[in-house]
Number of protein chains: 2
Amino acid sequence: MPVETKEQLFRHFESYIPLSDSLKKELEDRIAFSTFKKGQEIHNAGKVCTESHFIFQGLTRLYFLKDGKEITEYFSSEGEWVNSPRSFTQRTTDIYYIEALETTEVFTLKVQDLVFLFDHFPEMERYARLSMNTVFGHFLERITSMRFTTAKEKYEHFCHTYHDIYHRIPLGMIASYLGITQETLSRIRAER
Amino acid sequence: MPVETKEQLFRHFESYIPLSDSLKKELEDRIAFSTFKKGQEIHNAGKVCTESHFIFQGLTRLYFLKDGKEITEYFSSEGEWVNSPRSFTQRTTDIYYIEALETTEVFTLKVQDLVFLFDHFPEMERYARLSMNTVFGHFLERITSMRFTTAKEKYEHFCHTYHDIYHRIPLGMIASYLGITQETLSRIRAER
DNA sequence: CCTAATTTTTGACCTATATCAAAAACTATC
DNA sequence: GATAGTTTTTGATATAGGTCAAAAATTAGG
């Protein structure tokens, strides 16, 4: 791994909390750099999710199966963590799969290492609280935009909030994320 | 305030973290008991939300205005905190109003007191992280249940997750929460 | 490159739910 | 407990977006 890359991870933390040298060192010791190929499975619903991945480069989706079809819950890209949320925090299995939509380079942190960091660095607790706040806000906005909006408005809202990545995602996955059929999404795109 | 009531609040904290005597004392000193009458405004969108209320008894809703109509974002009841999330954490104004749907008794914590607690009791950071996890899970489930479900399924899911309170909420508010019209909800109810 | 597989688009038709309007059933207040 | 206000129900009609099916376009593998 190039030395500079982990700077992106540190900057991410530093946008929420100051990073002491000792915490930096512990982080360095506990994160592992790895790469998933396009289409590769990052997590399988059958297992307990024991790792969280910070995306350095690439794009992933979290999805589940409904009536045999894949329904995308959300996408994650550069500068975001991806894991199967409930599985990771509750140490149970859950319905979600994670797949790399592009070649994706990540820093991986195991759940037991995260627990260690929470136990020894109170600022990590604060980091978690503050960064969850950010996600929380996105979720609220999404819930709002899903009610009382036409399919077209949903798509426009999607392009707006996923501005940097919407053109890298297959149409069918966007449709299932938005809760509309791909035929409808195709027609919406056609009229522009 | 009856002495026993604050025990409910302490038990709430203790379901996430152990409560030291010193933290208990600080909490006691900083929480204020008060009551909102049915229909009373707890928070107004025009203001920055500087208080968070732990509901001891009662029911509230968080809503915003769209085209002059009130759209309910969610309901909160016994054992839950209610505030205007982004306004409270970012200290800005936001679109949300909060209203008491019943006579509602709360413990109120001011934002500066919460900041004090976060700064002096790292376990409070942990409490916040863990309790947000719970809410996070509910949100994910809600987002899932809002796509690819009929109006009837949405209502059934609502009755299931809001099992204890759904019968205390006016139909129109449930409809706007679910993103369907009240006429449709009325017809769904009729056929059972 | 060529072929197969996958994804997207287009077309025809149908259904769930929205909209508009008015009646009925509650609730609250004097 | 009569009156006014609010909430819920019922009815008639319209439409956005679903479903099913097949063609076109794109992507990937040998």
Side-chain angles (χ1 to χ4, degrees), chain A residues 36-41 58-59 61 63 65-72 75 97 99-104 144-159 162 165-192, chain B residues 36-41 59 61 63 65-72 75 97 99-103 144-159 162 165-192:
Chain A
F36 294 100
K37 289 219 181 72
K38 178 174 181 171
Q40 197 179 338
E41 173 183 296
L59 180 60
R61 68 167 173 144
Y63 69 96
L65 297 176
K66 183 186 161 110
D67 307 330
K69 281 183 188 165
E70 300 180 351
I71 311 287
T72 297
F75 306 97
Y97 298 78
E99 178 194 7
L101 296 183
E102 302 174 352
T103 300
T104 299
T144 302
S145 97
M146 268 165 56
R147 294 172 302 168
F148 309 107
T149 54
T150 62
K152 188 176 178 179
E153 287 167 336
K154 286 188 183 77
Y155 180 61
E156 279 163 359
H157 181 263
F158 173 81
C159 292
Y162 277 97
I165 56 170
Y166 77 92
H167 54 279
R168 292 149 60 183
I169 305 171
L171 172 140
M173 294 178 190
I174 296 176
S176 81
Y177 171 89
L178 294 176
I180 61 181
T181 61
Q182 53 176 3
E183 291 93 328
T184 296
L185 184 51
S186 175
R187 280 181 246 265
I188 286 166
R189 274 187 174 174
E191 72 186 49
R192 317 211 294 173
Chain B
F36 294 100
K37 290 220 181 71
K38 178 175 180 171
Q40 197 178 338
E41 172 184 299
L59 179 59
R61 68 166 172 144
Y63 69 96
L65 298 175
K66 183 186 162 108
D67 308 329
K69 281 183 188 164
E70 300 179 352
I71 311 287
T72 297
F75 306 97
Y97 298 78
E99 178 194 6
L101 296 182
E102 303 174 350
T103 300
T144 302
S145 96
M146 269 165 56
R147 294 172 302 167
F148 309 106
T149 54
T150 61
K152 188 176 178 178
E153 287 168 335
K154 286 187 183 79
Y155 180 60
E156 279 163 359
H157 181 262
F158 173 80
C159 292
Y162 276 97
I165 55 169
Y166 77 93
H167 54 278
R168 291 149 61 183
I169 305 171
L171 171 139
M173 293 179 191
I174 296 176
S176 82
Y177 171 88
L178 294 176
I180 61 180
T181 61
Q182 54 176 2
E183 291 94 328
T184 296
L185 183 52
S186 174
R187 281 181 247 262
I188 286 166
R189 275 188 174 173
E191 72 186 49
R192 317 211 297 175

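We name chains A, B, ... by the order of the sequence lines, and we start the count at 1 in each one.
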Visitor: Is there a side-chain contact between A:Q40 and A:E99, using heavy atoms and a 4.5 Å cut-off?
Guide: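 No; the side chains remain at least 4.5 Å from each other.
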
Visitor: Do you know which two heavy atoms are closest between B:R189 and B:I174, and how far apart they sit?
Guide: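 In terms of heavy atoms, the two residues are closest at NH2-CD1, 3.9 Å.
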
Visitor: Nearest nucleotide by nearest heavy atom, which residue falls closer to the 5' end of DNA chain C, B:T150 or A:M173?
Guide: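 The 5'-side residue here is A:M173.
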
Visitor: Does B:G39 reach a base, just sugar-phosphate, or nothing at all? Heavy atoms under 4.0 Å.
Guide: nothing

Visitor: State which residues pass side chain to side chain contact (heavy atoms under 4.5 Å, CB included) with B:K66; sequence neighbours excluded, sorted by chain then number.
Guide: A:F148, B:F64, B:I71

Visitor: Examine distances only and state if a side-chain atom of B:S176 and a backbone atom of B:T72 form a donor-acceptor pair shorter than 3.5 Å.
Guide: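 Answer holds: yes.
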
Visitor: Round to the nearest Å and state the distance from A:L171 atom CG to C:dT6 atom P.
Guide: 17 Å

Visitor: Sequence neighbours excluded, which residues qualify as side chain to side chain contact (heavy atoms under 4.5 Å, CB included) partners of A:S186?
Guide: A:L171

Visitor: Touch check for B:L185, heavy atoms < 4.0 angstrom, all strands: base, sugar-phosphate only, or nothing?
Guide: nothing

Visitor: If the condition is side-chain hydrogen bond (donor to acceptor under 3.5 Å, both in side chains), which residues does B:S145 pass it with, not counting sequence neighbours?
Guide: B:H157

Visitor: Check whether any side-chain heavy atom of A:F75 lies under 4.5 Å from a side-chain heavy atom of A:M173, and answer yes or no.
Guide: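 With C-beta onward as the side chain, the pair touches.
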
Visitor: According to side-chain hydrogen bond (donor to acceptor under 3.5 Å, both in side chains), who are the partners of B:E70, at least two apart in sequence or on a separate chain?
Guide: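 side-chain hydrogen bond (donor to acceptor under 3.5 Å, both in side chains) list for B:E70, sorted by chain: B:R61.
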
Visitor: With sequence neighbours excluded, tell me which residues meet ring-ring contact (aromatic ring centres under 6.0 Å, His included) with A:F158.
Guide: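 For A:F158, the residues satisfying ring-ring contact (aromatic ring centres under 6.0 Å, His included) (neighbours in sequence not counted) are A:Y162, A:Y177.
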
Visitor: Taking only residues two or more places apart in sequence, or in another chain, which ones meet B:Q182 in a side-chain hydrogen bond (donor to acceptor under 3.5 Å, both in side chains)?
Guide: none

Visitor: Take the C1' atoms of the five end pairs on each side of the helix from C:dC1-D:dG30 to C:dC30-D:dG1, derive the two axes, and give their angle rounded to 10 degrees.
Guide: 60°

Visitor: Please enumerate all residues that pass salt bridge (Lys or Arg N to Asp or Glu O under 4.0 Å) together with B:R147, with sequence neighbours excluded.
Guide: A:E73

Visitor: Taking the side chain from B:E153 and the backbone from B:T150, do they hold a donor-acceptor pair closer than 3.5 Å?
Guide: yes

Visitor: For B:L178 and C:dA18, give me the distance from atom CG to atom P, rounded to whole Å.
Guide: 11 Å

Visitor: Quick test: give all pairs of protein nitrogen or oxygen and nucleotides 28-30 of chain C nitrogen or oxygen below 3.5 Å, distance rounded to 0.1 Å.
Guide:
none

Visitor: Atom pairs under 3.5 Å, N or O on each side, protein against nucleotides 10-14 of chain C: can you list them with distances?
Guide:
from: C:dG11; atom 1: N7; to: A:R187; atom 2: NH1; distance (Å): 3.0
from: C:dG11; atom 1: O6; to: A:R187; atom 2: NH2; distance (Å): 3.2

Visitor: On DNA chain D, which is the earliest and which the latest nucleotide, 5' to 3', with an atom closer than 4.0 Å to a heavy atom of chain A?
Guide: D:dG17 to D:dA28

Visitor: Please tell me if B:T181 has a side-chain N or O lying less than 4.0 Å from either OP1 or OP2 of C:dA18.
Guide: yes

Visitor: Hey, could you give me each pair passing salt bridge (Lys or Arg N to Asp or Glu O under 4.0 Å) that has a residue in residues 171-183 of chain B? Not counting sequence neighbours.
Guide: none

